[in-house]
Chemist: 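Right, I'll just put the structure down here and ask away after.
Here the structure is a predicted model, which is why all the values come from computation and not from measurement.
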Amino acid sequence: MLTSVLLAGPAQSPATAGACVPPPATQRPAAGLAGTVPGAHGIESTSIRWVRWHKRVVYGDPATLDGQVVTDDGAIANATVDLYVREAGAEDWRRTQSATTDPETGVFSFDCLQPTVTTEYRAVYNGNLYFAGSQGNRKVGVARRVPDTMKQVAAQRFRLSGSVEPSYRQRPVLLQRKECPTCRWRTVVRKDSTDRSRWSFTISSSSFSGKRWLRAVVPADEQYVRSDSRVWRLRG
């Protein structure tokens with residue numbers, strides 16, 4: 001039987017770290033973030049309502065966080081919101097930038113964030129005499145970039161290979177396979193990456209009949225969420 005390889009998933013986009021440049025970070029202390037919010041004595045209570053955000057990005061890609069400062073009567077216009085960040089593994093928050101809510105929509109936008117590891121963000125509205133302060137958190141998971149290729153190296157033998165970004169030396173990479181689009185993935189091979197953060201699996205399509213779906217997976221750790229290569233479909 002003829003054997004063929006078909007791409008069954010979209011390729012990972014090239015890194016776009018240079019597509020936008022965030023404003024320089026500032027190191028103003030994040031005092032009060034662990035307890036009450038500064039300005040909490042305002043007459044009317046407020047809260048942060050998120051309207052758009054990235055739950056997950058691939059390393060090198062930008063993330064966006066959009067929200068509103070709201071009361072029972074709606075969003076507050078022209079309100080200043082400070083953004084604090086805490087990267088995975090860190091204990092302290094640091095202030096990075098500020099934004100002002102739109103005078104018409106009441107939306108504040110942080111649209112050029114560049115998380116290099118999984119990062120928790122905190123939007124803080126300090127309030128004034130009329131409105132109490134408030135804060136809201138969102139976490140953006142960062143996946144490692146796993147560029148890959150599939151090549152036929154002999155009759156019914158294929159090599160799925162690639163690399164991991166950022167540096168991922170001598171650490172586990174999994175080859176996973178499933179028998180149908182809705183079936184569960186299962187790990188069939190586990191190998192360590194090289195000193196150059198590269199990996200490779202040799203696959204024999206003679207060991208099965210019909211279609212199989214395959215991918216390489218980098219397990220999650222403290223700083224990164226689970227990271228996948230493209231999904232490939234192999235016919236035995």
Chemist: If you take all heavy atoms of Val57 and Ala63, which pair is closest and at what distance?
Modeler: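 The pair with the smallest heavy-atom distance is CG1-CB, 4.0 Å.
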Chemist: May I ask you to establish whether Lys151 and Phe158 are in a cation-pi arrangement, using a distance under 6.0 Å from NZ or CZ to the six-membered ring centre and at most 45° from the ring axis?
Modeler: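 Ring-cation test returns no.
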Chemist: Got more than 12 heavy atoms from elsewhere within 6.0 Å of CD, Glu104?
Modeler: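 Open.
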Chemist: Any idea which heavy atoms bring Ala88 and Val117 closest together, and the distance?
Modeler: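 Closest heavy-atom pair between Ala88 and Val117: N-CG2, 4.1 Å.
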Chemist: For Lys139 and Tyr121, indicate whether the former's side chain and the latter's backbone hold a donor-acceptor pair under 3.5 Å.
Modeler: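 Such a contact is absent between Lys139 side chain and Tyr121 backbone.
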Chemist: Between Gln176 and Thr187, do the side chains contain an N or O donor and an N or O acceptor separated by less than 3.5 Å?
Modeler: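 Judged by distance alone, the side chains do pair up.
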Chemist: As a quick check of understanding, evaluate side chain to side chain donor-acceptor pair (under 3.5 Å) for Arg196 and Ser193, giving each step before the final call.
Modeler: CA-CA 8 Å; Arg196 299 180 64 183; Ser193 59; over 6 Å; no
Chemist: Check Arg215 against Leu160 and note the closest heavy-atom contact, atom names and distance.
Modeler: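 Looking at all heavy atoms of both residues, the closest pair is C-CD2, 4.3 Å.
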Chemist: Judged by modelled atom types alone, do Asp66 and Ser109 share a side-chain donor-acceptor pair under 3.5 Å?
Modeler: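 The criterion, which ignores hydrogens and geometry beyond distance, is satisfied for Ser109 and Asp66.
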Chemist: Check the angle between the aromatic planes of Phe201 and Trp199 and answer parallel, tilted or perpendicular using the 30° and 60° thresholds.
Modeler: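 Rings of Phe201 and Trp199: tilted, 30 to 60°.
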Chemist: Does a side chain donor of either Ser200 or Ser161 reach within less than 3.5 Å of an acceptor in the other side chain?
Modeler: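 On atom types as modelled, these side chains do not qualify, holding no pair under 3.5 Å.
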Chemist: Decide side chain to side chain contact (heavy atoms under 4.5 Å, CB included) for Gln68 and Ile48; before the verdict, give the C-alpha distance in whole Å, the side-chain angles of both, and the deciding distance to 0.1 Å.
Modeler: CA-CA 6 Å; Gln68 296 173 311; Ile48 301 295; over 6 Å; no
Chemist: Is the NZ or CZ atom of Arg122 positioned over Trp93's six-membered ring, under 6.0 angstrom from the centre and within 45° of the axis?
Modeler: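 Yes, Arg122 lies over the aromatic ring of Trp93.
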Chemist: Looking only at side-chain N and O atoms, does Trp232 offer a donor or acceptor that is under 3.5 Å from a partner on Asp148?
Modeler: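 Their side chains do contain a donor-acceptor pair, which is all the 3.5 Å distance test asks for.
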Chemist: Is it the case that Arg144 places NZ or CZ above or below the six-membered ring of Tyr59, under 6.0 angstrom from the centre and within 45 degrees of the axis?
Modeler: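 No, a cation-pi geometry is absent between Arg144 and Tyr59.
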Chemist: Taking all non-hydrogen atoms of both residues, which atom of Val81 and which atom of Phe108 are closest, and how far apart?
Modeler: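 It is CG2-CD2, 3.7 Å.
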